[in-house]
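Heads up, the thing below is written out as structure tokens.
In the text below, chain A, chain B and the rest are named by the order of the sequence lines, each starting its count at 1.
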Amino acid sequence: MGKNSPPPLANRLRTSLLHFLVIPYMSKPLHLGLDHFDSQIRNALAKGLGLDAESLKLERPRDEKLGQFAFPCFRFAKEQKANPKELAQKLADSFQVDSITPSATGPFLNFQIDPSALVKRVATDAAQSNYGAGNLSGKVVVEYSSPNIAKPMHVGHLRTTVIGAALSRLAERAGHDVARINHLGDWGSQFGKLVAAWNRWGNEGELENDPIAHLLQLYVRYHEEEKEDETLPADAKLAFQELESGEENETRAIWKRFTEFSLREFNRTFERLGSEFDFVRGESWYEDQLDPLLEWLESTGVLEESDGATIVDLKEHGIKTPCLVKTAHGTTLYATRDLAAAKSRWEEFQFEQALYVVGAEQNLHFQQFTTVLKKAGCEWANRIEHISFGLIRLLEGKLSTREGRVLSLTEVLDRAVELAAEIIEEKNPDLSDKEAVAERVGVGAILFHDLKHQRNKDVVFNWEEVLSFEGDTGPYLQYSHARCCAILRKSEREAPSFDSINLELLSDSPELFVALGRYPQALRESWEKREPMILAQHLLKMASAGNAFYRDKRVLGEKEELESARLCAIDLLRKTLADGLGILGVPTPEEM
RNA sequence: GCGCCUGUGGCUCAACUGGAUAGAGCAUCUGACUACGGAUCAGAAGGUUGGGGGUUCGAAUCCUCCCAGGCGCACCA
């Protein structure tokens with residue numbers, strides 16, 4: 001340890017206390033990795049420029065060879081009426097932090113971390129079980145998945161389910177207390193339609209045999225026949241009114257059965273995808289809060305009558321379409337139930353943030369219902385975030401249950417698992433527990449494929465692409481992880497811990513430790529931007545750095561001290577990959 | 001018609017939210033297993049960032065106008 005510049009502990013405590021008081025909402029990870037050097041550099045630069053360290057942001061050099069951090073001087077040169085190149089040089093000359101070498105490259109100031117210090121810092125931090133954890137607090141509610149009862153889950157539900165689950169885990173790692181809510185579509189006029197269809201054409205045997213298929217059949221038939229048969233929509237409307245009446249009648253009993261059957265099937269899929277929920281609360285859960293909600297809206301004076309329906313006009317908020325909260329024939333709507341749910345959740349959780357992982361086609365709906373809340377005087381409506389995502393389309397067009405363009409999620413998962421099984425048979429026929437591994441690899445491929453792109457872009461579903469197991473894919477990451485496991489297994493001893501080895505021996509591999517060291521930043525940004533893709537892309541970089549490491553650096557059979565050090569590096573890589581994949585929900589088999 | 005989103009090598013996507021020579025994977029071509037797992041690695045080729053104009057030290061990114069695609073726009077969810 002150098003003797004001139006490490007800041008005294010008291011100073012560090014004071015600055016972190018300051019952070020806590022001044023900027024409590026900013027994430028301050030407990031185990032920083034490379035962020036440790038980031039703040040050291042910013043503090044030194046801030047002093048040189050007479051600015052606040054928080055206002056400075058470091059970037060990455062174009063080329064890793066130039067260093068790990070870059071600071072473009074243009075902006076500050078302008079403020080100080082100086083030449084950027086000269087400022088860069090001036091800052092470089094006066095920069096003094098242990099183990100960090102600045103170099104002015106034109107108007108850019110680059111920083112090279114001494115490999116030995118870098119390895120030491122990153123190895124120490126990455127060995128912690130909560131590497132990259134933040135110190136945020138407060139409740140975050142995440143609503144995701146939310147399939148509709150009586151309909152099969154299709155590929156469209158994949159996105160909300162895996163994005164929601166990943167964001168929930170990211171929020172937890174950032175320090176939040178998370179409530180995961182599955183807002184099942186178990187209410188609404190569609191159930192009136194379904195009951196009407198069931199009463200005409202329902203078949204007990206088929207329902208027992210394959211409930212969702214039969215219910216889907218009824219639903220499709222309803223839409224085929226409603227145009228010709230006027231009594232059908234009338235029956236449907238009546239049935240939904242009966243359901244909303246709250247009475248324990250025949251209609252309600254049928255609806256309950258449909259719900260139970262559907263949930264049983266959904267749970268199998270949630271389990272395969274590794275999705276967990278703290279609350280499985282359908283829209284019906286808010287049933288008895290609908291009237292109080294309408295009364296409350298009435299009391300705030302936002303309700304109006306229009307064509308017999310009850311609406312909230314939003315023109316003065318720039319939204320031309322009013323929000324309907326009650327139909328002319330007295331039933332509630334989607335927006336009514338979302339309003340009730342939001343209010344109920346606020347009262348229950350006092351959330352810091354409420355995330356709704358719902359497709360982009362509902363942008364208007366979200367604008368409407370959050371604006372209604374604001375108009376009614378709820379400042380907390382600002383804490384609601386619509387995490388929208390682009391829709392999955394088939395080449396033939398948009399998915400549509402009614403029009404029979406469906407692609408069942410189970411089918412997609414099954415095909416991926418089947419293909420994984422074939423590949424295992426070809427590459428690793430002696431593997432034990434092949435079926436279980438195929439399941440994990442197949443599902444992992446589908447999951448990762450969905451998470452590696454920016455949320456809000458539409459995707460055209462392409463079998464060849466989602467079933468790809470090579471290149472930037474889930475199986476590639478799983479493979480890298482499995483190879484680490486293989487090396488550790490073959491060493492036939494416990495992986496040595498970072499404080500029992502000579503870390504100096506690893507300073508010939510700074511690239512691996514840079515990748516590991518940027519993991520906390522990836523976690524943080526991924527959460528801040530609500531973008532799992534950031535973590536997914538970083539894991540690819542880590543795996544790639546890892547592949548280069550065990551290609552160039554022999555582990556087993558080296559002198560004991562060196563073997564220990566490299567085993568430790570492999571173990572840190574293994575552990576960090578597993579951690580990141582776990583957050584994304586991608587399984588990590590030890591062999592494949 | 002109005003509103004929101006998207007447009008980057010043949011294909012699928014990145015680019016640290018205005019920074020350096022626009023980076024990856026697939027496909028194509030060349031090379032690497034008597035080597036801790038070839039679901040891998042090394043290399044080659046491939047770009048006027050949909051088009052025009054503007055803002056400035058600097059634009060894929062910001063403003064503007066076009067073009068193309070997607071989604072949404074009152075009693076469905």
Review point. Parallel under 30°, tilted from 30 to 60°, perpendicular over 60°: which one fits the rings of Tyr519(A) and His538(A)?
Key: tilted
Check your understanding: Going by the angle between their ring planes, with limits at 30° and 60°, are Tyr286(A) and His183(A) parallel, tilted or perpendicular?
Key -> tilted
At 4.0 Å (heavy atoms only), tell me whether [X] reaches a base, stays on the sugar-phosphate, or touches nothing.
X: Ala77(A); value: nothing
X: Lys237(A); value: nothing
X: Tyr550(A); value: base
X: Asp307(A); value: base
X: Ile424(A); value: base
X: Leu324(A); value: base
X: Lys427(A); value: base
X: Asn110(A); value: base
X: Glu591(A); value: base
X: Thr321(A); value: sugar-phosphate
X: Lys320(A); value: sugar-phosphate
X: Gly185(A); value: nothing
X: Gln367(A); value: nothing
X: Pro84(A); value: nothing

Quick one: [X] [atom1] to [N] [atom2], roughly how many Å, whole number?
X: Phe366(A); N: C71(B); atom1: CZ; atom2: C1'; answer: 15 Å
X: Glu465(A); N: A27(B); atom1: CD; atom2: C1'; answer: 13 Å
X: Arg554(A); N: G37(B); atom1: CZ; atom2: P; answer: 8 Å
X: Asn428(A); N: G38(B); atom1: CG; atom2: C1'; answer: 13 Å
X: Glu64(A); N: G23(B); atom1: CD; atom2: C1'; answer: 13 Å

Revision key, fill the gap. Result for salt bridge (Lys or Arg N to Asp or Glu O under 4.0 Å) between Glu563(A) and one of Arg493(A), Lys553(A), Lys490(A) points to Arg493(A)
Point to revise | Carboxylate-amine/guanidinium proximity below 4.0 Å for Asp35(A) and Arg518(A) | key: no
Point to revise | N/O donor-acceptor pair, side chain Ser544(A) with base A24(B), under 3.5 angstrom | key: no
Practice item. For A24(B), give its Watson-Crick or G-U wobble partner with both distances under 3.5 Å, or none. Key: U12(B)
